[in-house]
Amino acid sequence: MKIRRQTLSPYLDWAKFFLVLGLGGYLIIRGSAQVGYSWHWRSIPGYLLTYNDGHLQTGPLLDGLLVTLEITLYSLFVSAGIGLATALLRLSGSRVGRWLAMVYLESIRNTPLLVQIFFLYFVMAPILDIDRFSTAVLALSLFEGAYASEIFRAGIVAVPTGQWEASHALGLNRFDTYRAVILPQALSRIVPPLTSQAVSLVKDSALVSTIAVYDLTMQGRTIIAETFLTFEVWFTVAAIYLVLALILSFAADQTKRYFRTA
Amino acid sequence: MIERLFVNDDIPPIITASHVCKTFPGPVVALDDFSLHVDRGEVLVIIGPSGSGKSTFLRCLNGLEEIDGGRIVVDGIVLDSNEKNRLEIIREVGMVFQAFNLFPHLTVRKNVDLAQRLVRKKKRADAAAFSLRLLERVGLSDKADNYPHELSGGQQQRVAIARALAMMPKVMLFDEATSALDPEMIGEVLDVMRGLADDGMTMVVVTHEMGFAREVGDRIVFMESGHVVETGQGEDFFLHPRHRRTREFLRQIL
Ligand SMILES: Nc1ncnc2c1ncn2[C@@H]1O[C@H](COP(=O)(O)OP(=O)(O)O)[C@@H](O)[C@H]1O
Ligand SMILES: [Mg+2]
């Protein structure tokens with residue numbers, strides 16, 4: 001019974017997905033006709049790719065996508081580093097370390113990401129003298145790092161205490177115990193949710209357009225300001241985010257599968 | 001430098017525990033004014049009912065638990081808050097757990113290599129060669145490249161013994177090393193332990209295997225509620241137990 005459900009459910013999910021998509025599309029076409037919106041899809045491909053003098057050139061939307069990807073990738077690594085460091089601090093014997101970690105986690109979890117971005121951009125960036133792009137990466141990393149730390153912590157505490165005791169009995173120090181014994185075993189519980197976290201990261205990264213980083217969202221806003229192709233551009237931008245998120249979700253599923261069999 | 005209490009005394013005990021106290025939150029008194037010594041080359045067997053503090057004593061010996069009172073001296077080094085002393089003692093004391101606790105992500109040989117590489121700082125080839133010799137000794141050289149989950153319980157426990165021996169400890173602690181094993185695998189592990197004893201290894205063995213205790217144990221200690229009730233020489237202990245509690249315990253278990 002259980003196995004049947006598992007093999008069936010992806011198809012069911014996709015069927016539901018396309019059903020909702022079709023229904024939504026139908027409603028939008030009906031609705032836009034009512035408000036008298038005239039569609040101009042023809043110019044959209046040019047914002048993705050242009051064909052100039054015999055070679056292809058990326059348009060602003062693809063440029064924006066590349067920036068989004070870049071921000072996501074950097075933030076993924078930096079947030080993983082912050083997450084690991086915070087998790088280790090929380091699990092450390094040091095009272096000050098645990099307190100620092102808690103202060104960081106509570107301030108990140110209890111303030112809006114947008115406020116954090118503005119805070120870094122308007123307050124910290126001038127002080128630290130860092131550019132917009134780095135500010136964006138830093139803001140997202142600090143935000144996602146708080147969630148990544150929970151993933152790391154959960155992965156680490158799931159390793160049986162016997163592994164700690166065996167390492168201790170052999171005379172391994174704390175660093176070697178983490179590096180050679182605990183983290184390699186925690187990896188299977190850390191990598192899949194961390195990959196899922198990349199999906200949130202892609203979506204949250206849209207907020208960096210508010211500090212004029214030319215990511216996908218910012219490029220979309222710029223095009224609309226010039227052309228008033230509101231519906232077409234937002235549809236296109238949303239579709240690109242959707243595809244990107246679906247690819248990452250798929251990758252997360254694959255890592256889960258990989259670690260289950262390994 | 002590590003400071004030792006004695007230098008050329010005439011064979012002092014390798015382990016001396018005097019008036020050791022250990023209380024867990026609760027409060028549960030696990031060791032209550034507990035005193036015991038272990039001579040060099042001796043096989044000391046500790047028996048006693050569940051919850052009497054046997055594991056706690058072993059865990060205090062290698063620093064897995066900190067004692068609340070009393071004193072533990074291992075090979076002339078006082079086990080105290082001095083980090084250097086603690087490390088030196090941990091390195092001189094090997095431990096085998098009831099649950100094996102092998103590293104599941106490493107092959108058998110790498111399990112045995114690990115501490116040699118990271119703690120003893122041996123070269124890869126030297127560590128590997130020594131590991132193979134130890135695996136041969138526990139009869140598992142053909143499993144060197146297997147992973148722990150591919151081995152039976154008895155084989156895993158023999159690897160765990162090889163892994164502890166890799167640190168060249170002066171004392172080996174066994175905490176119910178055969179209790180988690182299927183009956184048909186107990187023998188192979190006890191055989192390895194017997195071999196170690198024959199080679200003169202100092203051993204502290206917590207076990208419910210009375211046959212092994214009788215045959216291999218030089219001295220038997222019966223403990224209950226955190227202290228020693230009775231100590232006796234191997235065979236004699238079982239033939240002439242002095243205390244009523246010891247007799248009751250032996251009657252139950254034999
Ligand atoms: N980590 C711990 N926390 C609280 N109580 C403990 C802990 N470890 C052992 N104890 C208690 O200490 C007593 C002695 O336990 P233990 O040394 O494991 O006994 P034995 O190995 O002889 O069965 C028991 O009452 C046990 O419940
Ligand atoms: Mg026990």
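It should be emphasised that the depicted structure is a prediction, and the values quoted were computed from it without experimental measurement. Just so we're on the same page: letters track the sequence lines, and every chain starts at 1.
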What is the minimum heavy-atom distance between [X] and [Y], and which atoms define it?
X: L170(A); Y: V119(B); answer: O-CG2, 3.7 Å
X: Q163(A); Y: P104(B); answer: OE1-CD, 3.5 Å
X: A180(A); Y: H105(B); answer: O-NE2, 2.8 Å
X: G162(A); Y: N101(B); answer: O-ND2, 3.3 Å
X: F103(B); Y: A166(A); answer: CE2-CB, 4.1 Å

Does a sphere of radius 6.0 Å around [atom1] in [X] hold more than 12 heavy atoms from other residues, nucleotides or ligands, not counting ones at 6.0 Å or beyond?
X: Y178(A); atom1: OH; value: yes
X: D129(A); atom1: CG; value: no
X: Q254(A); atom1: CD; value: yes
X: F77(A); atom1: CZ; value: no
X: R194(B); atom1: CZ; value: yes
X: Y147(A); atom1: OH; value: yes
X: R174(A); atom1: CZ; value: yes
X: K22(B); atom1: NZ; value: yes

Checking [X] against chain A: side chain, backbone, both or neither under 4.5 Å from a heavy atom?
X: R86(B); value: side chain
X: V93(B); value: backbone
X: A164(B); value: backbone
X: L102(B); value: backbone

*How long is the gap from CG on N173(A) to CG on L87(B), to the nearest 0.5 Å?*
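Spacing of CG (N173(A)) from CG (L87(B)) equals 8.0 Å.
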
*Under the 3.5 angstrom rule, does the side chain of H168(A) hit a backbone N or O of I90(B) as a donor-acceptor pair?*
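Looks like no, no N/O pair under 3.5 Å.
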
_Single hit among L118(B), L106(B), L114(B) for side-chain contact (heavy atoms from CB on, under 4.5 Å) with V181(A)_ =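 By the side-chain contact (heavy atoms from CB on, under 4.5 Å) criterion, V181(A) pairs with just one of L118(B), L106(B), L114(B): L114(B).
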
_Side-chain heavy-atom pair E165(A), M95(B) within 4.5 angstrom cut-off_ =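 A side-chain contact is absent here, since even the closest heavy-atom pair is not under 4.5 Å.
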
